[in-house]
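Contents: one structure, followed by commentary.
Protein chains get the first letters and strands the later ones, always in sequence-line order, with residue 1 at the start of each. As the structure is a computational prediction, the values presented were derived from the model and not from experiment.
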There are 2 protein chains.
Amino acid sequence: MSNRNTELPSCSSNVVHEEIVARVNEEMPREESLYDLAELFKVFGDTTRVKILYALFAAEMCVCDIAALLNMSQSAISHQLRVLKQARLVKFRRQGKVVYYSLDDDHVKQIFDQGLTHINELA
Amino acid sequence: MSNRNTELPSCSSNVVHEEIVARVNEEMPREESLYDLAELFKVFGDTTRVKILYALFAAEMCVCDIAALLNMSQSAISHQLRVLKQARLVKFRRQGKVVYYSLDDDHVKQIFDQGLTHINELA
DNA sequence: TGTTCATATGAATAAATGTTCATATATAAT
DNA sequence: ATTATATATGAACATTTATTCATATGAACA
């Protein structure tokens, strides 16, 4: 994912609508926000992680429970929980040997619901 | 702790909280919805595509404009527009040699705004 | 102490993905 | 027709990523 900064564009510039490009450029959010946004959605862009988050919408669960629910290995779940943890989407508490995970964010559900709305309207 | 041994996965099942797993399993959306949702977010999970969509929030634009705006090759933009087209997030119209792209969805902006809200509250 | 068990993690592997390069397609103009 | 130009697309390449396997960590308990 490299972004070289060469100078002018690829098309011959009499086709580029300079005013529009300039105006849109003004209205674009900061580069960093766009990057962070893509990073957030990247976390949501995996079936396993989506399933884990939906599971945690319903209840706090231990790693073992989640693995059982999704019929996947403990290791796979643990790796993905780490991703969710790093994105600050889940939190956890330890109780003896067992680690319980739960949601650490209020927006996820809303974002997912919006996404489902979009999907359902396509169908 | 009484426990049947179903032949579920990885951890020894006396730790799995069967009732919780069963209940959560009931509440999970259909497998297909979860898959589609992840696919949708996968589309949002790339900086270039996020930028393109934000650009189209502001105005209808031709491929050349977008390439100029983002300082990227026409080919790269065209490839990504194809992904957005397949996800039915953008539509286009042809006018002579120029193809103009615009948004084909009302939810994207809302989803993105939710995402930005999330990000900003982390900061 | 040593054992057991739930979870975490590093390394390896396979699969997916974004960009570039070269080229094809489609439209307009000469 | 021929040329020019805006866009699309296939192949190649590099990079990222999800899972597995083996093993480490950390807590309870005999």
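For residues 107-117 of chain B, the salt bridge (Lys or Arg N to Asp or Glu O under 4.0 Å) pairs, not counting sequence neighbours, are B/K109-B/D113. Pairs passing the salt bridge (Lys or Arg N to Asp or Glu O under 4.0 Å) check and including a residue from residues 85-94 of chain B, sequence neighbours excluded, read B/E60-B/R93. Residue pairs meeting the ring-ring contact (aromatic ring centres under 6.0 Å, His included) criterion with at least one member in residues 64-85 of chain A, sequence neighbours excluded, do not occur.
Atom CD of A/E39 is separated from atom C1' of D/dT16 by 11 Å (rounded to the nearest Å). A/R82 places its CZ atom 11 Å from the P atom of C/dA11, with the value rounded to the nearest Å. If you take CG of B/D65 and P of D/dT5, they are 17 Å apart, rounded to a whole angstrom. The distance between atom OH of B/Y35 and atom C1' of C/dA16, rounded to the nearest whole Å, is 11 Å. Taking atom CG of residue B/L84 and atom P of nucleotide C/dT17, one finds them 14 Å apart after rounding to whole Å. Between the CD1 atom of B/I77 and the C1' atom of C/dC21 there is a distance of 16 Å, rounded to whole Å. Note: OH (A/Y100) to C1' (C/dA8) measures 17 Å, nearest angstrom. D/dA8 atom C1' lies 11 Å from atom CZ of B/F92, rounded to whole Å.
Residues passing the salt bridge (charged side-chain N to carboxylate O under 4.0 Å, His left out) test with B/R23 are B/E27, sequence neighbours excluded. Checked against side-chain contact (heavy atoms from CB on, under 4.5 Å), A/D46 has the following partners two or more places apart in sequence or in another chain: A/T48, A/R49, A/Q80. Shown here are the side-chain contact (heavy atoms from CB on, under 4.5 Å) partners of B/E31, two or more places apart in sequence or in another chain: A/K51. With sequence neighbours excluded, the residues forming a side-chain contact (heavy atoms from CB on, under 4.5 Å) with A/L116 are A/Y54, A/I119, A/N120, B/S33, B/L37, listed by chain and number. Residues meeting the salt bridge (charged side-chain N to carboxylate O under 4.0 Å, His left out) test with B/E32, sequence neighbours left out: B/R30. The salt bridge (charged side-chain N to carboxylate O under 4.0 Å, His left out) test applied to A/D104 returns no partner, not counting sequence neighbours.
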Any N/O pairs under 3.5 Å between the protein and nucleotides 24-30 of chain C? List them or say none.
none

Under 3.5 Å, N/O pairs linking protein and nucleotides 19-23 of chain D:
{"from": "D/dT19", "atom 1": "OP1", "to": "A/T48", "atom 2": "OG1", "distance (Å)": "2.7"}
{"from": "D/dT19", "atom 1": "OP2", "to": "A/Q80", "atom 2": "NE2", "distance (Å)": "2.6"}
{"from": "D/dT20", "atom 1": "OP2", "to": "A/S73", "atom 2": "OG", "distance (Å)": "3.1"}
{"from": "D/dT20", "atom 1": "O4", "to": "A/H79", "atom 2": "NE2", "distance (Å)": "3.1"}
{"from": "D/dC21", "atom 1": "N4", "to": "A/S75", "atom 2": "OG", "distance (Å)": "2.7"}

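Under the 4.5 Å side-chain contact rule for hydrophobic residues, A/I111 and A/V83 share a cluster.
Backbone-only contact: B/Y101 has heavy atoms under 4.0 Å from sugar-phosphate atoms and none from a base.
Both B/L81 and A/V83 lie near DNA chain D, and the one whose nearest nucleotide falls closer to the 5' end is B/L81.
Nearest heavy atom pair, residue A/L69 against residue A/A55, reads CD2-CB, 3.6 Å.
For the helix from C/dT1-D/dA30 to C/dT30-D/dA1, the rotation axes defined at the first and last 5 base pairs enclose an angle of 10°, given to the nearest 10°.
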